[in-house]
2 protein chains.
Amino acid sequence: MSGRKIRTMEEFAEAIGISRPTVSKYFNDPESVRKTTRAKIESALKEHQYQPNIFAINQNRKLTKCIGILVPYLADPFFAEMVRLMERRCIDAGFWPILFSAHGEQELENKALATLLSLRPTGALLAPLGRASDLEVIERFTRDVPTVIFDSNVPLGEAFVGSNNFQSIPMMVDYLCRTGEPPCFFEMPPVNPNANKRRDAYIMAMEKLGHDPKVIRVEGRGWDFEQIGLDEGGRLLDERTLPSDTILCSNDRLAIGFIAAAFERGLRVGHGQGCALRVAGHDDHPWSRFTTPPLTTVSQDYTSIVRKSVATLFDLVEGGKRGGERPEILFDGKLILRSSA
Amino acid sequence: MSGRKIRTMEEFAEAIGISRPTVSKYFNDPESVRKTTRAKIESALKEHQYQPNIFAINQNRKLTKCIGILVPYLADPFFAEMVRLMERRCIDAGFWPILFSAHGEQELENKALATLLSLRPTGALLAPLGRASDLEVIERFTRDVPTVIFDSNVPLGEAFVGSNNFQSIPMMVDYLCRTGEPPCFFEMPPVNPNANKRRDAYIMAMEKLGHDPKVIRVEGRGWDFEQIGLDEGGRLLDERTLPSDTILCSNDRLAIGFIAAAFERGLRVGHGQGCALRVAGHDDHPWSRFTTPPLTTVSQDYTSIVRKSVATLFDLVEGGKRGGERPEILFDGKLILRSSA
DNA sequence: AGCAAAAATTTACGTGAGTAAAATTTTTGG
DNA sequence: CCAAAAATTTTACTCACGTAAATTTTTGCT
C-alpha cells in the first residue's frame with residue numbers, strides 16, 4: 001500500500017500530514033502531543049514500523065537517552081545477573097542501557113570508558129575492576145558523566161551502592177563459630193576493595209569473639225576464582241596446612257573451586273556427621289545452590305543494590321544536583337544456610 | 001596550556017592547523033594521510049585526548065562501524081564466554097561491538113533487534129532465542145543487516161555457525177555404551193533447535209547401536225536449566241522411573257542440576273565403584289570442571305565457532321556479497337572425559 | 001459569542017561528523 | 001627543470017534529527 005519504505009522522520013511525518021518536529025516531540029514524550037495527533041501517529045506507526053535513527057536522535061540532544069553500564073567481568077554470573085536487572089530497569093524507564101565489560105583488563109576498561117564518553121551518556125553505572133582500574137581515567141570520566149559506582153568502592157563518582165561486608169562477614173563468622181570450629185579465611189586475589197574489606201571484617205569479627213584470625217593468602221591472580229579455589233585449595237589440602245576445618249571463602253566462586261578440590265581428595269564437605277570440612281562462601285551466586293553440597297553463603301541483596309543504584313542515578317540525572325556529599329549506601333546480606341557449613 | 005578543552009573535530013583540526021576532513025580521514029584510516037600529517041595529528045592527540053563523537057560519526061556514514069551481538073541469555077556462562085571472545089575480535093578489527101541480551105524473552109529480543117536496526121550496524125552476530133523467537137521480526141532484520149546466526153540454527157541470515165550435534169551426541173553415546181549401561185536422554189526444554197537435534201541424534205545413535213532409546217521429557221520451561229535439572233531430576237529419582245543408571249543430559253547446566261539432585265539423595269555419581277549413577281553433559285560449560293564429580297561432557301569448540309562466525313561476517317561485510325547460498329558450518333565437539341561418567 | 005491564556009504545532013537553525021568533487025601539492029618521467 | 005600523473009587536502013554539501021522561538025490552534029471563562 002504505502003509506496004516506498006519510510007526511512008526518516010521527515011518521510012514519516014509527511015505521510016501522516018503533520019510536521020516532523022511534532023513527530024519528534026511524540027517520540028520524546030507521547031503525552032506531549034494532542035490526543036488526536038497521537039492517535040494519527042500511532043496508527044501510522046503500526047503500518048510503517050518506522051523507528052528513529054539512534055545516532056541522529058542523540059546527535060544534537062542536550063541529554064542523550066543512554067545509560068552506560070560497565071562491569072569488570074561479564075562472564076561472572078554475579079555481574080551477569082546484576083546487569084540483567086539493571087538493563088531491565090533502564091529500559092522500563094525509557095533509557096537505552098549500553099553494556100560494556102572490561103573482561104578483567106585495565107586496557108579494555110579504559111577503552112570502554114572512552115567509548116562511553118564519546119556517547120555522552122546521561123549517566124553511568126560503573127562497577128570498576130578495582131585494583132586494576134586506572135583511577136585517573138575513571139576520575140576524568142566521572143567529571144563528565146554522572147556516575148554511580150557499585151560493587152567495588154573506589155572513591156569516585158557521585159555515590160556508591162554495595163554490600164556491607166562489615167555486617168555480612170561477621171554474621172557468617174558468628175554463625176560458623178557458634179556451630180563448630182572457628183573458620184579460617186580463604187582470601188580471594190585482591191582484585192578489588194571488597195577483597196580487603198572482607199578480610200578485615202573477618203579479622204575484626206574473629207578478634208571480637210576472642211579467636212585467633214587465620215587468613216590464607218593466595219597466589220592466583222585474575223578472575224578465574226574457581227580455578228584458584230581448586231588449585232590453591234588443593235595445595236592446602238595436600239600440604240595439610242589448613243589451620244581450621246572450617247573454611248570461609250571470600251566469595252562463592254572460590255568456594256566452588258575449593259569444594260571441587262575437597263571432593264577430588266575424597267573429603268566430605270558439610271556440617272553433618274562424617275564430614276571433614278565445612279565450607280562457606282559469600283555472595284549467593286546463581287550457581288551456589290547447585291554445588292554438592294549446596295553452599296552455605298551470604299546473599300548479596302541483588303535486587304536492592306540494583307534498585308538503589310539505578311534510582312540514585314535517575315535522581316542524580318533528573319535533579320541535576322552533582323558534587324554534593326557522596327553517599328555510600330550499603331545493604332546487609334542475609335545468611336543463606338545450606339548444607340556445606 | 002591549551003586554552004579551552006577541545007570538543008569537536010573542527011576545534012581539533014584548527015588547533016593543529018589542518019582541515020577537518022583530513023582529520024576525519026585519519027580517524028577512518030591513519031594510513032590514508034601523509035606521514036607528516038599523521039605525526040602532527042598523533043602528537044596533538046596525546047596532548048588533547050580528543051575522541052570523535054560516536055553519534056556524529058555514524059550519522060552520515062554509509063557503513064557504520066558497529067556490529068550487533070545478540071544472545072538469548074547473557075547470564076548463561078556459555079553465552080557470556082562466546083560474547084567475550086566475539087567482542088574481543090570485533091574490537092581488534094576496529095569495530096564497535098554492541099551487545100544485547102534477550103534475557104530469555106521474545107519481547108526483549110524483538111526490542112533489541114529494533115534498537116539494533118536503528119543503529120544501522122554493518123553486520124550482526126545473532127544467537128536467536130530459537131523457539132521463542134519471532135521469526136518474522138528476525139527475517140525483517142536480516143533483510144537490512146548482514147547477519148550470521150550462531151548456536152541456534154533458525155533458517156535465516158547469511159550463514160550459520162554452530163556445533164555438529166549429530167557428531168557430538170553419537171560420540172558421547174558410543175562412549176557411554178562402550179563403558180557401561182546405555183544411557184537414557186534427559187532432554188532440555190525445547191527452547192531452541194539444538195534441543196530437538198540433540199534428542200534426534202541420541203535416538204539415531206542408540207538405534208544404530210541396537211539399543212532402545214529412552215528419552216525423558218521434562219516439564220520445566222525457560223532457561224533455568226539447573227533448577228529444572230534439580231527439580232525434575234529429583235522427581236525422577238524419587239519415583240525411581242529412570243530407565244537407565246546412565247543419564248545423558250542434553251546440556252551441562254541440566255547435568256549440574258541433576259548431579260545436585262543425586263547428591264541430595266545420597267547417590268554417588270561417577271564411573272567408579274560404589275557409584276549409583278553416571279551423568280554426562282554437553283557443551284563443556286565453564287563451570288562443568290568444578291562440579292563434584294567433574295562433569296564428563298562434550299566440548300563445543302568455542303574458539304572455532306567464534307572465529308568462524310566473526311570471519312564469515314567480515315567476509316560478508318567486505319565482500320558485499322549477499323543472498324548466495326547459506327552455508328552451515330558445523331564444528332565437531334570433543335569428548336571431555338572427567339569422572340562423572 | 002468573544003477574548004485572553006494555555007497548549008500545540010511549525011519555522012528556522014544547530015549538531016558533529018562523512019563524503020564526493022574540486023583544488024592543491026607532491027611525485028614521476030623525460 | 002618542467003609537464004603530466006598521482007596523492008593529498010580542502011571546499012561544499014549532506015545526514016536525520018533536536019530545540020528555541022514564532023505562530024497557530026484550542027481551551028476556559030465571562
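When heavy atoms are screened at a 4.0 angstrom cut-off, A/Y50 is found touching the sugar-phosphate backbone but no base atom. A/P52 comes within 4.0 angstrom of sugar-phosphate atoms only, judged by non-hydrogen atoms across all strands, and of no base. Residue contacts for B/K25: at a heavy-atom cut-off of 4.0 Å it reaches a base atom on one of the strands shown. Across all strands shown, B/T8 has heavy atoms under 4.0 Å from sugar-phosphate atoms exclusively, and none from any base. A/N28 comes within 4.0 angstrom of sugar-phosphate atoms only, judged by non-hydrogen atoms across all strands, and of no base.
Contact check, A/S19 against C/dT9: no side-chain N or O comes under 4.0 Å of OP1 or OP2. Within the structure, a side-chain polar atom (N or O) of B/R34 is placed less than 4.0 Å from OP1 or OP2 of D/dT9. Here A/T22 does not reach the OP1 or OP2 of C/dA8: none of its side-chain N or O atoms lies under 4.0 Å away.
The closest donor-acceptor contact from the side chain of B/E109 to the backbone of B/L129 lies under 3.5 Å.
Listed nucleotides: D/dA12, C/dT9, D/dC17. Nearest to the side chain of A/A56: D/dC17. Taking the side chain of B/M9 as heavy atoms from C-beta on, and the options D/dT10, C/dG18, D/dG18, the nearest nucleotide is C/dG18. Taking only side-chain atoms of B/S24, from C-beta outward, the nucleotide of D/dC17, C/dT19, C/dG14 with the closest atom is C/dT19. Among D/dT19, D/dA12, C/dG16, the nucleotide with an atom closest to any side-chain atom of A/P21 is D/dT19.
Ring geometry for A/Y73 against A/W223 counts as parallel: the plane angle stays under 30°, on a 0 to 90° scale with 60° as the upper cut. In this pair, B/F12 and B/Y50 present their aromatic rings parallel. The plane angle is below 30°, not in the 30 to 60° band.
Counting to the nearest Å, the C1' atom of D/dT9 and the NZ atom of B/K40 are 11 Å from each other. Remark: C1' of C/dG14 and CZ of B/R7 are 17 Å apart, rounded to the nearest angstrom. Across the protein-nucleic acid pair, A/I6 atom CD1 and D/dC17 atom P stand 11 Å apart, rounded to whole Å. Here D/dC13 presents its C1' atom at 11 Å from CZ of B/R20, a figure rounded to the nearest Å. The CZ atom of B/R61 sits 13 Å away from the C1' atom of C/dG16 (whole-angstrom rounding). The interatomic distance linking A/Y26 (OH) with C/dT10 (P) rounds to 16 Å, in whole Å. Separating the CD atom of A/E11 from the P atom of D/dA16 is a distance of 8 Å, rounded to the nearest angstrom. Across the protein-nucleic acid pair, B/F12 atom CZ and C/dA17 atom P stand 11 Å apart, rounded to whole Å.
A/R120 contributes no side-chain N or O that forms a donor-acceptor pair with the base of C/dG16 under 3.5 Å. Judged by atom type and distance alone, B/N53 does not reach the base of C/dG16 through any side-chain donor-acceptor pair under 3.5 Å.
Side-chain atoms of B/H103 and A/E87 include a donor-acceptor pair closer than 3.5 Å.
Heavy-atom contacts from other residues, nucleotides or ligands closer than 6.0 Å to CD of B/Q106 number more than 12.
Nearer to the 5' terminus of DNA chain D, by closest-nucleotide assignment, is the contact made by B/I18 (compared with the other of B/Q59 and B/I18).
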ask   = Could you go step by step and tell me if B/L119 and B/N58 meet the side chain to side chain contact (heavy atoms under 4.5 Å, CB included) rule?
value = CA-CA 8 Å; B/L119 287 168; B/N58 291 295; over 6 Å; no
